[in-house]
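Below is one structure, written out as structure tokens; the observations come after it.
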Amino acid sequence: MERTRIAVAGASGLIGSALVRSLTADGHEVVRLVRHAPRSEAEVRWDPERGRVDAAGLAGCSAVVNLAGAGVGDHRWSDAYKRRIHDSRVHGTAALAKAVAALDERPRVFVNGSAMGYYGETGERVVDENAPAGRGFLPELCVEWEAAAEPARAAGVRTAFTRTGLVVARGGGAWGRLFPLFRAGLGGRMGDGRQYWSYIALHDEVAAIRQLLDRDDLSGPFNLTAPEPLTNREITAAMGRVLHRPTLFPVPAPVLRTVLGEMAGDVLGSARVVPKRLLESGFTFAFPGIEDALRAA
């Protein structure tokens with residue numbers, strides 16, 4: 001990809017910050033969407049919950065990447081926090097898509113975040129991008145989230161969605177919480193451990209987004225997950241091997257439900273999601289196995 005100007009929403013998050021580092025290292029000019037008054041030409045003001053964005057700041061961008069949204073695992077899911085999760089994603093995406101569509105010179109591509117939560121509970125069934133949406137809060141959110149990008153696609157901007165799995169990284173996300181527990185010897189399976197977890201190394205997540213930015217023939221949904229999902233029991237065992245710690249403390253399902261509330265259903269649920277379209281595009285995973293991904297983190 002030639003050196004260009006790229007706008008990134010959610011640039012301070014786990015994936016966004018890693019993406020920004022990758023883009024700037026290759027000489028791209030990155031414009032960050034921020035909630036405060038811009039401090040330089042490298043910042044653009046926006047308010048995702050209220051659906052507002054300074055469209056003039058997107059002028060000259062060849063690509064817009066939207067990874068913004070309130071953290072799904074940051075708080076217990078009260079009605080108010082579920083509304084915040086929804087609004088930060090759906091309203092923010094709609095505002096960006098409309099701003100992109102209204103530009104005189106539109107970007108080549110709009111890459112919008114999504115999640116493997118689109119598919120809901122899959123049990124032992126393997127699902128790819130052709131599978132229908134599941135039922136429940138997260139699947140319904142993902143459907144609405146992706147639909148909010150329609151103004152950009154309708155305006156002729158190539159639009160791609162990243163249905164991301166559990167990102168294996170030291171500094172945030174699910175593994176940001178798991179690593180300290182396992183290092184302390186307090187890790188263990190969750191529930192019966194038979195539920196599938198679809199994961200992806202942070203390095204591969206960023207590389208996949210970069211490919212979606214670079215390739216003019218790629219649009220629509222892409223599952224950003226490693227090729228072989230594993231059960232929570234298998235991942236727990238791998239954590240023990242890599243960190244050289246015992247994994248003797250399983251967390252019973254009733255305890256998770258007490259601590260996490262409604263969100264426990266997604267921790268205990270099974271998501272056996274595979275990256276069919278990503279592999280068909282020729283993408284090569286640097287860390288396809290769980291032990292590779294854990295060591296990289």
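Below, each value reflects all heavy atoms present in this structure, side chains not excepted, and no hydrogens, waters or symmetry copies.
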Over all heavy atoms of both residues, which pair between [X] and [Y] is shortest? Give the atoms and the distance, please.
{"X": "Ala55", "Y": "Ala99", "value": "CB-CB, 3.9 Å"}
{"X": "Phe110", "Y": "Ala97", "value": "CE2-CB, 4.0 Å"}
{"X": "Trp175", "Y": "Val167", "value": "CE3-O, 3.7 Å"}
{"X": "Phe161", "Y": "Ala149", "value": "CE2-CB, 3.7 Å"}
{"X": "Ser88", "Y": "Ala70", "value": "OG-N, 2.9 Å"}
{"X": "Ala11", "Y": "Val20", "value": "CB-CG2, 3.9 Å"}

Could you walk me through whether Leu202 and Val168 pass side chain to side chain contact (heavy atoms under 4.5 Å, CB included), step by step?
CA-CA 6 Å; Leu202 179 59; Val168 184; over 6 Å; no

Judged by atom type as modelled, is there a donor-acceptor pair below 3.5 Å linking the side chain of [X] to the main-chain atoms of [Y]?
{"X": "Arg158", "Y": "Leu213", "value": "yes"}
{"X": "Asp204", "Y": "Ala286", "value": "yes"}
{"X": "Ser198", "Y": "Ala271", "value": "yes"}
{"X": "Ser62", "Y": "Thr4", "value": "no"}
{"X": "Gln211", "Y": "Gly282", "value": "no"}
{"X": "Asn66", "Y": "Ala68", "value": "yes"}
{"X": "Tyr199", "Y": "Ile290", "value": "yes"}
{"X": "Glu43", "Y": "Val34", "value": "no"}
{"X": "Ser22", "Y": "Ala18", "value": "no"}
{"X": "Arg84", "Y": "Glu49", "value": "no"}

Assigning hydrophobic clusters by single linkage (Ile, Leu, Val, Met, Phe, Trp, Tyr; side-chain heavy-atom cutoff under 4.5 Å), is [X] placed with [Y]?
{"X": "Val111", "Y": "Val8", "answer": "yes"}
{"X": "Leu279", "Y": "Val274", "answer": "no"}
{"X": "Leu103", "Y": "Val30", "answer": "no"}
{"X": "Leu19", "Y": "Leu278", "answer": "yes"}
{"X": "Leu14", "Y": "Val206", "answer": "yes"}

With side chains defined as the heavy atoms from C-beta onward, is the minimum distance between [X] and [Y] less than 4.5 Å?
{"X": "Ile85", "Y": "Phe137", "answer": "yes"}
{"X": "Glu121", "Y": "Gln195", "answer": "no"}
{"X": "Val44", "Y": "Pro38", "answer": "no"}
{"X": "Ile6", "Y": "Val65", "answer": "yes"}
{"X": "Glu205", "Y": "Leu224", "answer": "yes"}
{"X": "Trp197", "Y": "Thr231", "answer": "no"}
{"X": "Glu41", "Y": "Val31", "answer": "no"}
{"X": "Tyr118", "Y": "Leu141", "answer": "no"}

Begin from the C-alpha positions of Arg210 and Leu23 and carry the test side chain to side chain contact (heavy atoms under 4.5 Å, CB included) through to its verdict.
CA-CA 8 Å; Arg210 293 290 303 268; Leu23 291 170; 3.5 Å; yes

For [Y], is there an ion pair with [X] - N to carboxylate O distance below 4.0 angstrom?
{"X": "Arg189", "Y": "Glu234", "value": "no"}
{"X": "Arg83", "Y": "Asp87", "value": "yes"}
{"X": "Arg277", "Y": "Glu280", "value": "no"}
{"X": "Asp192", "Y": "Arg233", "value": "no"}
{"X": "Arg163", "Y": "Glu129", "value": "no"}

Salt bridge (charged side-chain N to carboxylate O under 4.0 Å, His left out), that's the test. Do Arg241 and Glu291 meet it? Break it down for me.
CA-CA 8 Å; Arg241 290 193 298 271; Glu291 293 197 20; 2.6 Å; yes

Rounded to the nearest 0.5 Å, what separation is found between the [atom1] atom of [X] and the [atom2] atom of [Y]?
{"X": "Ser12", "Y": "Leu33", "atom1": "OG", "atom2": "CG", "answer": "11.0 Å"}
{"X": "Leu138", "Y": "Lys82", "atom1": "CG", "atom2": "NZ", "answer": "9.0 Å"}
{"X": "His28", "Y": "Thr24", "atom1": "NE2", "atom2": "OG1", "answer": "9.5 Å"}
{"X": "Arg170", "Y": "Phe179", "atom1": "CZ", "atom2": "CZ", "answer": "9.0 Å"}
{"X": "Thr159", "Y": "Leu212", "atom1": "OG1", "atom2": "CG", "answer": "11.5 Å"}
{"X": "Glu124", "Y": "Arg272", "atom1": "CD", "atom2": "CZ", "answer": "6.5 Å"}

Distance only, no hydrogens: is a donor on one side chain within 3.5 Å (strictly under) of an acceptor on the other, for Tyr119 and Asn223?
yes

State, without any angle test, whether Thr93 and Trp145 hold a side-chain donor-acceptor pair at a distance under 3.5 Å.
yes

If you count the non-hydrogen atoms of other residues, nucleotides and ligands that lie under 6.0 Å from CD in Glu228, is the total more than 12?
no

Can you confirm whether Asp217 is buried at CG, in the sense that more than 12 heavy atoms of other residues, nucleotides or ligands lie under 6.0 Å from that atom?
yes

Phe287-Phe285 aromatic ring centre distance below 6.0 Å:
no

Pick from Leu58, Val157, Val64: which one makes a side-chain contact (heavy atoms from CB on, under 4.5 Å) with Arg106?
Val157

What verdict does the side chain to side chain contact (heavy atoms under 4.5 Å, CB included) test give for Glu144 and His86, after you've listed the backbone C-alpha separation in whole Å, the side-chain angles of each residue and the deciding distance to 0.1 Å?
CA-CA 9 Å; Glu144 196 173 352; His86 172 277; 3.0 Å; yes

Criterion side chain to side chain contact (heavy atoms under 4.5 Å, CB included) on Tyr196 and Thr122, from CA distance to verdict:
CA-CA 9 Å; Tyr196 278 90; Thr122 74; 5.7 Å; no

